[in-house]
Each structure stands twice: as C-alpha cells, then as structure tokens.
Amino acid sequence: MTESRPMRVVILGSGRGSNAEALLRAQAADRLGRARIVQIFSDRPDAGILALGPRFGVPADFVDPAPYKTKLEGAAEEHYITSITASEPDLIVLAGFMRVLKPRLLGAFEGKIVNLHPSLLPVFPGLDGIGQAWRAGVRVTGCTVHLVTGEVDGGPILDQAAVRIDDTDTLETLTQKVHAAEHALLPDVVARIAAHGVAALLPRRR
Ligand code: GAR
C-alpha cells in the first residue's frame, strides 16, 4: 500500500499550548490522518507551547516579533514569512497566537491559515472570548475554527462546538469546558482538512 503525501502542519501559538498538545497527542494516537505537525513557532520565548517541541520531537522555535506588541509587520513579518515558508506548510494553525496577521503574511499563505477562537463566532471576537460570553450572560457559548482572512476573527467558519453554561458554572469551570471543547474540535477539524481539504469544510448556503 502506498502512503499518501503528508499534509505539513505548522502551529503558531503564544501561550501554554494546550491546543497544540491536543494536536500532537492526536497525531501520536494516529487520529490526524495524513496531517504531520512539522514545526511550532511562538512569538514569546517563554511560552509553554515551545516546551512541547522536545516532548513530542517537533522543532519549536521563538521568532522575534519586535517591535510591535499585538501585530506582525515590517521586518518581523518578513522573518515570520521566511521561517514559515522554510517548513513548506500545507496548513498553518493559529492555536492561541495572539497577534493580528497583516496582508503580506496572509497573502503569502492564502487559504492555508486557520484560527481557533474561544467563542461561537461571529459573537465575542477579539480578546477574552470566554470572559465576554460569561459577562454577557448567554446560556450557550463554545469555540470556532475558521479560515483566517483580513478581518480579525471574521473568516469563513469551518466548524464550531457548543458549550452550555449551567447555573452551577463559574468563569473557571466555563473556561475548562470551553478548553475541553477546543481540544476535541481542533484535532477533528485538522483531520478532516487532511482528508478532504479546507474547501470541503466551507459552509454551503443556497
Ligand atoms: C485558546 O483558548 C484559543 O481559543 C485562544 O487562546 C487559547 C490558547 O490556549 N485564542 C484566542 O483567543 C484567539 N483570539 P492554549 O495556548 O492552551 O492552546
């Protein structure tokens, strides 16, 4: 039997990396199909996500985002483009990457970047999606994986998972529930992209 060509996946993250870990665990359990996580990049040298590299045998590197705090532009953006390109990615997963991507980088990887967001977009975009839902008093929130476009948290939705907010929940338990939903949704979406391509997951409306 011939093995199909791997779908090369690069993960970008700024935080603890629990979603990157969910992807790496899914890969280890053979639940990602032909997806292969080939590289992790972070804009924070101290991010937990970078510690996953040695644990799972995947290169994990800090790429300096200076001088900006919340975006990638100019020389830093070029550096990211060069670094990501060197990994020859078929898919780039933003798993808690807390920077706005600008047109140059988006253009370099058009249609290949997906983002995980902790709310049922299009509601509660931007920072602290879980806290926004909590304070708004909604009964249902969740998480979204969407294609990244120039509109922050606004690209086409590939899939979502709902999380009920019970009267017994606190912000802490809600946060745990949304993260658990993310840890199931993201590997599932990546596996489906590996099997069918991104376009197959785009919503069809008549
Ligand atoms: C996740 O909850 C993800 O949805 C969120 O950051 C967290 C990263 O956690 N992303 C955003 O808010 C993007 N707007 P992790 O580092 O443990 O995977």
Side-chain angles (χ1 to χ4, degrees), residues 6-24 27 35-54 56 58-119 121-122 124-129 132 143-159 182 186 189-190 193-194 197-199 201-202:
M7 180 183 80
R8 297 173 64 83
V9 180
V10 170
I11 302 175
L12 269 60
S14 308
R16 65 192 177 124
S18 69
N19 287 285
E21 181 166 354
L23 285 171
L24 288 158
Q27 176 172 289
R36 290 285 167 281
I37 298 157
V38 295
Q39 176 73 54
I40 297 168
F41 288 122
S42 182
D43 58 334
R44 298 189 48 161
D46 56 347
I49 194 169
L50 290 177
L52 295 170
F56 287 88
V58 174
D61 298 292
F62 165 65
V63 181
D64 197 340
Y68 303 104
K69 283 206 168 8
T70 58
K71 63 181 178 181
L72 284 179
E73 214 164 12
E77 185 180 37
E78 277 307 318
H79 194 183
Y80 269 80
I81 293 172
T82 309
S83 304
I84 296 169
T85 301
S87 300
E88 299 178 23
D90 299 302
L91 183 72
I92 298 160
V93 177
L94 307 183
F97 190 65
M98 305 308 275
R99 278 174 192 273
V100 174
L101 302 183
K102 294 290 180 180
R104 206 179 169 104
L105 191 146
L106 293 174
F109 307 109
E110 201 174 344
K112 289 187 179 178
I113 311 177
V114 299
N115 180 47
L116 173 68
H117 184 79
S119 78
L121 291 173
F124 311 132
L127 292 176
D128 193 17
Q132 289 187 60
C143 52
T144 301
V145 179
H146 67 94
L147 209 49
V148 176
T149 61
E151 191 191 340
V152 175
D153 295 331
I157 290 169
L158 301 177
D159 206 354
E182 291 185 317
L186 185 61
V189 169
V190 169
I193 292 172
V198 172
L201 276 70
L202 291 172

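The figures that follow rest on heavy atoms only: side chains count, while hydrogens, waters and symmetry mates do not. Small disclaimer: the values here were computed from a predicted structure and weren't measured.
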Any side-chain heavy-atom pair of [X] and [Y] under 4.5 Å:
{"X": "Val152", "Y": "Pro125", "answer": "no"}
{"X": "Ile193", "Y": "Leu158", "answer": "yes"}
{"X": "Leu52", "Y": "Val58", "answer": "no"}
{"X": "Arg99", "Y": "Ser14", "answer": "no"}

Donor-acceptor pair, side chain of [X] and main chain of [Y], under 3.5 angstrom:
{"X": "Ser42", "Y": "Leu50", "answer": "no"}
{"X": "Glu77", "Y": "Leu105", "answer": "yes"}
{"X": "Ser87", "Y": "Val10", "answer": "no"}
{"X": "Gln39", "Y": "Pro59", "answer": "yes"}
{"X": "His117", "Y": "Phe124", "answer": "yes"}
{"X": "Arg8", "Y": "Val38", "answer": "no"}
{"X": "Asp153", "Y": "Gly126", "answer": "yes"}

Item to check | Derivation of the side-chain contact (heavy atoms from CB on, under 4.5 Å) call for Ile92 and Val148 | outcome: CA-CA 10 Å; Ile92 298 160; Val148 176; over 6 Å; no
To the nearest 0.5 Å, how far apart are [atom1] in [X] and [atom2] in [Y]?
{"X": "Leu116", "Y": "Asn19", "atom1": "CG", "atom2": "CG", "value": "5.0 Å"}
{"X": "Leu147", "Y": "Asn115", "atom1": "CG", "atom2": "CG", "value": "10.0 Å"}
{"X": "Leu24", "Y": "Ile37", "atom1": "CG", "atom2": "CD1", "value": "4.0 Å"}

Can you name the nearest heavy-atom pair linking [X] to [Y], along with the distance?
{"X": "Ala35", "Y": "Gln27", "result": "O-OE1, 3.6 Å"}
{"X": "Ser119", "Y": "Thr144", "result": "O-OG1, 2.6 Å"}
{"X": "Gln132", "Y": "Leu127", "result": "NE2-O, 2.7 Å"}
{"X": "Leu202", "Y": "Pro156", "result": "CD2-CB, 3.7 Å"}
{"X": "Ala95", "Y": "Ile49", "result": "O-CD1, 4.5 Å"}
{"X": "Leu12", "Y": "Phe97", "result": "O-CB, 3.5 Å"}

Next on the checklist: Please determine whether side-chain contact (heavy atoms from CB on, under 4.5 Å) holds for the pair Met7 and Val190, giving the CA-CA distance in whole Å, both sets of side-chain angles, and the decisive distance to 0.1 Å.
Outcome noted: CA-CA 10 Å; Met7 180 183 80; Val190 169; 4.1 Å; yes
Item to check | Leu23/Val9 under side-chain contact (heavy atoms from CB on, under 4.5 Å): CA gap, chis, key distance, verdict | outcome: CA-CA 10 Å; Leu23 285 171; Val9 180; 5.6 Å; no
Under 3.5 Å, which donor-acceptor pairs do the side chains of residues 65-76 form with other protein atoms, sequence neighbours left out?
| from | atom 1 | to | atom 2 | distance (Å) |
| --- | --- | --- | --- | --- |
| Lys71 | NZ | Glu73 | OE1 | 2.8 |

Checklist entry - Stepwise, does the side-chain contact (heavy atoms from CB on, under 4.5 Å) test hold for Leu94 with Ile113? => result CA-CA 7 Å; Leu94 307 183; Ile113 311 177; 3.8 Å; yes
Checklist entry - Is it true that atom CD of Glu110 has more than 12 heavy atoms of other residues, nucleotides or ligands lying nearer than 6.0 Å? => result no
Checklist entry - Does CZ belonging to Arg44 count more than 12 external heavy atoms closer than 6.0 Å? => result no
Checklist entry - Among Asp43, Asp64, Thr85, which residue meets the side-chain contact (heavy atoms from CB on, under 4.5 Å) test with Tyr80? => result Asp43
